[in-house]
Number of protein chains: 2
Amino acid sequence: MTRAAPERHDDILAAAGRRFAQSGYRGTSLQDIAADVGCSKAAVLYHFTDKKAILAELVARPIDQLRALDERIAAVSSPAEAQRVAAEGFVDLAVQFRRETAFLRGEFPGLLQQPPFSHLQHIPDRLVRAFAGHSDRPAARVAALVILAGIAETCGEFIDLPEAELRPALLALVRRALEPVT
Amino acid sequence: MTRAAPERHDDILAAAGRRFAQSGYRGTSLQDIAADVGCSKAAVLYHFTDKKAILAELVARPIDQLRALDERIAAVSSPAEAQRVAAEGFVDLAVQFRRETAFLRGEFPGLLQQPPFSHLQHIPDRLVRAFAGHSDRPAARVAALVILAGIAETCGEFIDLPEAELRPALLALVRRALEPVT
DNA sequence: AGCATGCCTGACCGATCGGTCAGATGCCGA
DNA sequence: TCGGCATCTGACCGATCGGTCAGGCATGCT
């Protein structure tokens with residue numbers, strides 16, 4: 001069965017993403033990916049030079065999305081508008097990013113501090129500042145990141161609560177924590 | 001070089017713990033562990049039946065600690081005392097547990113819902129209730145867990161802030177979030 | 001028709017993995 | 001001194017891994 005190259009490329013990427021998220025990078029063989037796609041292992045290596053290349057392209061996507069959100073925030077004029085944009089986009093993005101790259105933290109600790117992931121160390125700084133409303137309290141800025149970034153992974157691990165219910169409750173709590181002291 | 005069995009046993013366990021935390025379970029070979037300990041791979045398999053057995057014994061330890069803390073909280077009389085004990089013990093324990101078992105989440109998702117890890121789903125319930133001071137707001141109880149559990153992993157990943165500085169700031173924030181609405 | 005190109009397959013390779021096994025070594029009680 | 005047990009080693013096994021290679025097959029251009 002022969003398909004057009006771009007579609008096969010994306011099929012492999014999607015299958016690899018599901019497998020990596022489920023069983024980790026080292027726990028996923030090229031044979032597994034090929035079976036999901038419905039082709040041979042050699043076909044996978046025809047579209048990607050390496051197994052590493054699949055991973056690299058897979059993680060580049062959320063990084064680009066996060067960078068795009070960062071630029072969108074940088075483009076708006078008022079801090080209030082920046083906060084709104086950040087609050088809307090960052091939660092979903094942080095949740096998605098952590099869910100899709102959870103296996104990286106276990107198998108490759110320290111990898112997120114290296115390029116191209118190290119971009120994240122600078123981008124979230126502006127994101128969180130926008131989200132926390134230019135708060136001077138570092139605890140508030142840190143907390144916004146910690147809470148948001150921890151939602152996806154912690155939910156369903158310790159807590160038996162669907163993400164749909166957990167997120168608004170936590171968001172309300174984040175907003176409250178970030179309110180200025182009266 | 002021959003050592004007494006209990007010491008060798010613990011040496012292997014300690015070496016495996018470091019390796020698993022660094023490179024993951026599948027990323028660590030028995031040869032790696034043996035090299036760290038200073039013995040042969042067969043010697044490792046003399047003290048442990050399986051590679052799985054090493055992992056099982058490694059993760060059983062923090063589970064026991066968490067259960068012990070739970071029993072300590074159940075033993076105290078007043079809710080205020082329970083809250084103090086929980087606040088003291090749970091933060092360190094949650095941080096340690098998440099750091100030492102971070103690789104599990106990436107390589108074996110869903111494992112923490114199965115025995116013997118599923119005990120954690122019941123134990124933290126009382127812990128968090130004690131920590132949150134019997135709050136009726138579910139968001140507060142959830143938040144206490146989420147925040148505490150997210151400290152170890154998120155710190156040093158996105159945030160360039162040592163844990164020693166991060167923890168008191170977050171603890172202050174947790175307490176504030178849990179205060180009753182005035 | 002003939003040929004080139006893109007896409008894919010099955011067979012194969014070396015390396016590494018977890019695990020087994022027979023036997024060597026050292027220690028300790030009889 | 002001798003036998004037995006605990007501890008450990010080197011050699012080895014089958015399985016699986018990532019990756020290579022020669023060739024097959026369809027399509028489309030000349």
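Lettering of chains follows the sequences in order, A, B, ..., and the numbering in each one begins at 1. All of these numbers come straight from a predicted model, not from anything done at the bench. For the numbers below, each heavy atom of this structure counts, side chains included, while hydrogens, waters and symmetry mates do not.
Distances shorter than 4.0 Å separate none of the side-chain N or O atoms of B:His47 from OP1 or OP2 on D:dA6.
Between B:Leu104 and B:Tyr25, the closest side-chain pair of non-hydrogen atoms is not below 4.5 Å.
Applying the ring-ring contact (aromatic ring centres under 6.0 Å, His included) rule to pairs touching residues 50-75 of chain B yields nothing, sequence neighbours excluded.
Of the possible polar contacts, none joining the B:Glu57 side chain to the B:Leu13 backbone as a donor-acceptor pair under 3.5 Å is found.
One can place OH of A:Tyr46 at 12 Å from P of C:dT5, the figure rounded to the nearest angstrom. Rounding to whole angstrom units, CZ of residue B:Arg8 and C1' of C:dC27 are separated by 16 Å.
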Name the pairs: protein N/O against N/O of nucleotides 16-20 of chain C, kept only if under 3.5 Å.
| unit_1 | atom_1 | unit_2 | atom_2 | d |
| --- | --- | --- | --- | --- |
| C:dG18 | OP1 | B:Thr28 | O | 3.4 |
| C:dG18 | OP1 | B:Lys51 | NZ | 2.6 |
| C:dG18 | OP2 | B:Leu30 | N | 3.0 |
| C:dG18 | N7 | B:Lys41 | NZ | 3.2 |
| C:dG19 | OP1 | B:Asp50 | OD1 | 2.9 |
| C:dG19 | OP2 | B:Lys51 | N | 2.9 |
| C:dG19 | N7 | B:Lys41 | NZ | 3.4 |
| C:dG19 | O6 | B:Lys41 | NZ | 2.6 |

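Salt bridge status for A:Arg19 with A:Asp36: present, with a side-chain N to carboxylate O gap under 4.0 Å.
A perpendicular orientation is assigned to the rings of B:His47 and B:His9, their planes being inclined by more than 60° (bins at 30° and 60°).
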